[in-house]
K.L.:
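So that we are looking at the same thing, I have put the structure below in structure tokens.
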Amino acid sequence: MQVTEDKIPLSRQRLPRYLQGDDVVTAAQKLLGQYLVTEFNGKITAGRIVETEAYRAPEDKASHAYNYRRTARTEVMFGPSGNAYVYLCYGIHHLFNIICGPPGTPHAVLIRAIEPTHGLKTMMDRRKMTKLKPQLTAGPGVLSRALGITKELSGVPLFNKESMIWIGKGERTSFQIHSSPRVGIDYAGEWVDKPWRFRIKGNPYTSPAK
DNA sequence: ACGAAGATTGGCT
DNA sequence: GCCAATCTTCGTC
């Protein structure tokens, strides 16, 4: 598998308007094709976002912030849009979200998969992999591990000049978006069926279908 | 080669 | 007690 590095711009950007409005479903689609980038100890790792899910609290039962539920964990979702929300799943996996919506509205977009583009060797070291395979970053838990993202980063701004993590502007390329129901939320009643999972059609780095 | 099944931990109600 | 993603192991083709 060949991946071309370095040609792709990873430049930081200012907080886009679509993250501040109340349409988190559109925001989840607009984030496809952009780059999720981290830099720790001078090591840059990045990948193109190829799969997302929208979470629309307070109405959305599948969200941790359903019905404005505030806990130590969810508190950052009530903070500024454009910040990170990172939580622990199964006590092991750190799942990365981008906070969206008008002030006080706890919308979020979960990043479910990226296509690795920069720092492949560093990512494979972190994942203890010797051969490049899609499972390097195809899945919300493994992508965080590859990029070095942990819940310590929950609440940090993604659109300022200094963060160790940011959203790099993607080049304008055309692709088809495939939408389907979200996964792992069987308890969420009527919200189970909303087609709020978005993926770049045909991309091999999207997480396994269910 | 591929799929199903089982084991695993922390945050919440 | 309920919720969740991934790795490993063990079938079957």
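Numbered from 1 within each chain, the chains take letters A, B, ... in sequence-line order.
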K.L.:
Check every atom of B:dG10, B:dT8, B:dT13 against the side chain of A:Leu88 and return the nucleotide holding the closest atom.
P.N.:
B:dG10
K.L.:
For residues 137-150 of chain A, please give each side-chain donor-acceptor pair under 3.5 Å, one per line with the distance, not counting sequence neighbours.
P.N.:
| residue | atom | partner | partner atom | Å |
| --- | --- | --- | --- | --- |
| A:Thr137 | OG1 | A:Ile114 | O | 2.6 |
| A:Ser144 | OG | A:His94 | O | 2.6 |
| A:Ser144 | OG | A:Pro140 | O | 3.4 |
| A:Thr150 | OG1 | A:Glu152 | N | 3.3 |

K.L.:
Which nucleotide wins on minimum distance to the side chain of A:Thr71, given the candidates B:dC12, B:dT13, B:dG11?
P.N.:
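So the side chain of A:Thr71 is nearest to B:dC12.
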K.L.:
Could you tell me the separation between the CZ atom of A:Arg69 and the P atom of C:dC3, rounded to a whole number of Å?
P.N.:
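Result: 12 Å.
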K.L.:
Examine the side chains of A:Thr122 and A:Thr45 and answer whether a donor and an acceptor come within less than 3.5 Å of each other.
P.N.:
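No donor-acceptor contact under 3.5 Å links the two side chains.
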K.L.:
For C:dA5, does OP1 or OP2 lie under 4.0 Å from any side-chain N or O of A:Arg145?
P.N.:
no
K.L.:
Check for me whether the distance between the ring centres of A:His107 and A:Tyr55 falls short of 6.0 Å.
P.N.:
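Ring-ring flag for A:His107/A:Tyr55: false, centres at least 6.0 Å apart.
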K.L.:
Looking only at atom P, what distance separates C:dC13 and B:dA5, rounded to whole Å?
P.N.:
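After rounding to an integer number of Å, I get 14 Å for this pair.
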K.L.:
Side chains of A:Tyr35 and A:His118 only: does a donor on one sit below 3.5 Å from an acceptor on the other?
P.N.:
no
K.L.:
Identify whether any heavy atom of A:Lys128 sits under 4.0 Å from a base atom; if not, whether one sits that close to sugar-phosphate; answer base, sugar-phosphate or nothing.
P.N.:
nothing
K.L.:
All N/O contacts under 3.5 Å from nucleotides 7-11 of chain C to the protein, with atom names and distances to one decimal?
P.N.:
| residue | atom | partner | partner atom | Å |
| --- | --- | --- | --- | --- |
| C:dC7 | OP1 | A:Arg127 | NH1 | 2.7 |
| C:dC7 | OP1 | A:Arg127 | NH2 | 2.9 |

K.L.:
Starting at atom OH of A:Tyr68, determine the distance to atom P of B:dT13, rounded to an integer number of angstrom.
P.N.:
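Roughly 17 Å, once rounded to whole Å.
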K.L.:
Side chain of A:Arg73, heavy atoms from C-beta onward: which of B:dC12, C:dT6, B:dT13 has the nearest atom to it?
P.N.:
B:dC12
K.L.:
Rounded to the nearest angstrom, tell me the gap between atom CZ in A:Phe96 and atom P in C:dA5.
P.N.:
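Value for this atom pair: 17 Å.
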K.L.:
Rounding to a whole Å, what distance do you find between A:Leu95:CG and B:dG10:P?
P.N.:
15 Å
K.L.:
Could you state the NE2-C1' distance from A:His94 to C:dT6, rounded to the nearest angstrom?
P.N.:
13 Å
K.L.:
Looking at A:Glu53 and A:Arg182, is any side-chain nitrogen of the basic one under 4.0 Å from a carboxylate oxygen of the acidic one?
P.N.:
no
K.L.:
Using modelled atom types only, decide if a donor and an acceptor are shared between the side chain of A:Asn41 and the backbone of A:Lys43 within a distance under 3.5 Å.
P.N.:
no
K.L.:
So if you build clusters from Ile, Leu, Val, Met, Phe, Trp, Tyr with side-chain heavy-atom gaps below 4.5 Å, do A:Leu120 and A:Met129 land together?
P.N.:
yes
K.L.:
Rounded to whole angstroms, how far apart are CG on A:Leu143 and P on C:dT6?
P.N.:
8 Å
K.L.:
Calculate the interatomic distance between A:Ile92 atom CD1 and C:dT6 atom C1'; express it in whole Å.
P.N.:
7 Å
K.L.:
Just how far, in rounded Å, is C1' of B:dT13 from NZ of A:Lys61?
P.N.:
14 Å
